[in-house]
Amino acid sequence: MNHTDTTDIRIDQFDYPLPDERIAKHPLEVRDACKLLVRNHDGEISEHTFRELPALLPADSMLIYNNTRVINARLRFRKNAPQGSTLPGALIEIFCLEPVEPADYAQNFASTGRCSWTCFVGNSKRWKEGALTMEVTIPGTEKPLTLSALRQSRQGNASVVEFSWNNPSVTFSQIISAVGEIPIPPYLNRSTEASDSTDYQTVYSRIEGSVAAPTAGLHFTDRVLGDISARNIPRRELTLHVGAGTFQPVKSDTIGEHDMHSEFIAVPLSLLEELRDTPRRVIAVGTTSVRTLESLYHAGRLMLENRWEGFVPQWAPYDESASTPSAAEAIGAIADYLKAHNLSTFIASTRIIIAPGYTFRIVKGMVTNFHQPKSTLLLLVSAFTGGDWRAMYDFALARDFRFLSYGDASLLL
């Protein structure tokens with residue numbers, strides 16, 4: 001399928017009925033007790049439990065998962081009430097999306113005194129000018145600090161917001177941990193609960209930066225991970241910080257009119273070298289890991305073509321004039337680039353869209369959940385299964401599988 005064929009795909013071909021009662025509002029008490037749909041190489045579909053995953057993985061697999069950690073990205077400020085009013089001021093919700101200054105995630109979280117973020121602002125019309133403030137009590141400090149938020153500029157439907165606070169010994173990470181909320185998906189149609197702070201993190205989450213969980217990883221337990229290692233299947237990590245755009249529905253009639261969101265990726269040199277040389281079959285945990293791994297191929301290809309500019313464009317995979325190096329050649333180009341510049345980690349951003357017509361270069365299998373109708377994630381699943389997504393989803397709906405972030409899982413080979 002060429003570029004035009006892909007961009008002409010109509011999103012209404014990826015719709016299906018999803019009753020609200022099939023959307024899991026909370027996870028199961030035991031993470032690995034959820035259902036697991038398995039679609040094998042021949043397209044055969046069967047039902048298992050996630051606890052069985054280690055035995056279902058091919059013996060020559062390498063499992064790669066996303067170690068990102070969800071931040072308490074939602075901050076709620078109150079405007080000062082009008083003079084003489086007995087009513088509270090308007091509630092303004094600020095949803096942090098990605099860092100602006102410092103632009104590096106780790107440096108931003110370590111900021112003391114000041115930092116800025118691109119944010120969505122809820123009830124924006126009530127915040128026309130001036131700073132919003134709140135008192136924040138940080139565990140271990142003697143007295144509350146004052147956190148201020150000042151809107152600096154608009155960027156489409158988002159804003160750049162500068163945060164400042166009057167205790168230089170406190171980091172921004174400590175502040176959002178103290179007063180922010182985990183931003184659970186809007187389709188759960190409920191408020192964040194205390195349990196979400198644990199439930200909406202994978203057991204291997206380490207690197208702060210996501211505003212949504214890589215939800216395929218929520219089913220893993222230390223027991224399952226241990227069983228995978230006991231079968232001599234290597235487990236490796238990479239990082240993609242999931243943006244709010246992951247929930248953005250495709251609103252255009254065709255996918256060619258849909259702008260994919262940009263997401264931060266980081267892959268260590270050691271993993272790049274292993275991917276370049278391994279004969280193992282790469283099994284990605286979650287669509288975020290799939291997007292990261294497949295983006296590596298196109299980043300390396302662009303380097304080989306002397307066209308690399310620090311990000312993978314949305315339609316790069318469908319460029320009919322592009323060269324077609326092997327996966328080892330493309331990944332090797334990135335490894336060589338890092339070594340030439342004395343870098344230990346490949347850091348970039350990706351806007352890649354994976355849709356029917358896409359040729360998978362690195363990923364040979366994936367673990368993923370059941371996704372929203374008319375979503376780019378469903379397009380990715382369709383691309384991977386040769387358009388066979390509807391048979392899987394009909395199977396899952398007929399057998400009472402639970403859908404979306406807290407729902408059940410699938411293994412696609």
Side-chain angles (χ1 to χ4, degrees), residues 1-3 6-7 9 64-68 97-99 103-105 118 207 209-210 212 214 237-246 248 250 255-269 271-272 275-276 282 284 286-338 340-341 343 345-363 366 375-377 379-381 383-384:
M1 187 179 286
N2 61 33
H3 179 270
T6 300
T7 56
I9 291 173
I64 300 182
Y65 48 77
N66 184 1
N67 62 14
T68 189
L97 298 176
E98 59 182 20
D104 178 83
Y105 281 83
T118 300
I207 310 298
S210 281
E237 300 180 4
L238 46 72
T239 305
L240 179 145
H241 288 324
V242 189
T246 193
Q248 182 180 333
V250 180
I255 67 168
E257 300 165 11
H258 178 73
D259 285 330
M260 282 293 286
H261 54 290
S262 177
E263 291 177 317
F264 166 99
I265 62 175
V267 182
L269 173 60
L271 177 55
L272 289 167
L275 286 169
R276 178 193 61 198
V282 173
T287 56
T288 61
S289 297
V290 173
R291 292 185 75 224
T292 304
L293 290 164
E294 292 297 316
S295 292
L296 292 178
Y297 175 85
H298 296 286
R301 172 178 66 77
L302 289 167
M303 286 182 180
L304 290 170
E305 296 171 353
N306 294 315
R307 294 198 292 148
W308 175 244
E309 297 181 355
F311 66 95
V312 180
Q314 176 169 341
W315 298 107
Y318 310 92
D319 181 355
E320 294 171 38
S321 66
S323 59
T324 54
S326 68
E329 289 169 335
I331 291 176
I334 303 176
D336 292 344
Y337 173 87
L338 293 182
H341 292 82
L343 299 171
T345 304
F346 176 62
I347 294 175
S349 62
T350 182
R351 294 185 62 227
I352 192 173
I353 185 169
I354 297 178
Y358 180 86
T359 300
F360 284 83
R361 305 290 184 173
I362 295 172
V363 175
M366 75 174 78
S375 64
T376 57
L377 304 183
L379 291 171
L380 184 152
V381 170
F384 192 78

Inter-residue atom distance [X].[atom1] - [Y].[atom2], 0.5 Å rounding:
X	Y	atom1	atom2	result
Arg291	Ile354	CZ	CD1	7.0 Å
Leu240	Ile265	CG	CD1	7.0 Å
Thr376	Ile353	OG1	CD1	6.5 Å
Ile334	Leu302	CD1	CG	9.5 Å
Leu338	Leu269	CG	CG	5.5 Å
Leu275	Ile64	CG	CD1	4.5 Å

Mind checking whether [X] and [Y] have side chains closer than 4.5 Å, heavy atoms only?
X	Y	value
Thr324	Glu329	no
Arg307	Asp319	yes
Pro99	Asp104	no

List the atom of [X], the atom of [Y], and the distance in Å for their closest heavy-atom pair.
X	Y	value
Thr68	Ser210	OG1-OG, 2.7 Å
Thr359	Glu294	O-OE1, 4.0 Å
Val290	Leu380	CG1-CD1, 4.1 Å
Ile255	Trp315	O-CZ2, 3.7 Å
Glu305	Ser323	OE2-OG, 2.6 Å
Val282	Leu293	CG1-CD1, 3.8 Å

Determine whether a donor-acceptor pair (N or O, by modelled atom type, separation under 3.5 Å) exists between the side chain of [X] and the backbone of [Y].
X	Y	result
Glu263	Gly243	yes
Glu98	His241	no
Arg301	Pro325	no

Between Tyr318 and Thr7, does the side-chain contact (heavy atoms from CB on, under 4.5 Å) criterion hold? Intermediate values first, please.
CA-CA 10 Å; Tyr318 310 92; Thr7 56; over 6 Å; no
Give me the one residue out of Trp308, Phe264, Tyr337 that meets ring-ring contact (aromatic ring centres under 6.0 Å, His included) with Phe346.
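Among the candidates, only Trp308 passes.
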Verdict with reasoning, Ile331 to Ile362, per side-chain contact (heavy atoms from CB on, under 4.5 Å):
CA-CA 10 Å; Ile331 291 176; Ile362 295 172; 3.5 Å; yes
Evaluate Asp259 against Arg351 for side-chain contact (heavy atoms from CB on, under 4.5 Å), listing each step before the verdict.
CA-CA 9 Å; Asp259 285 330; Arg351 294 185 62 227; 4.0 Å; yes
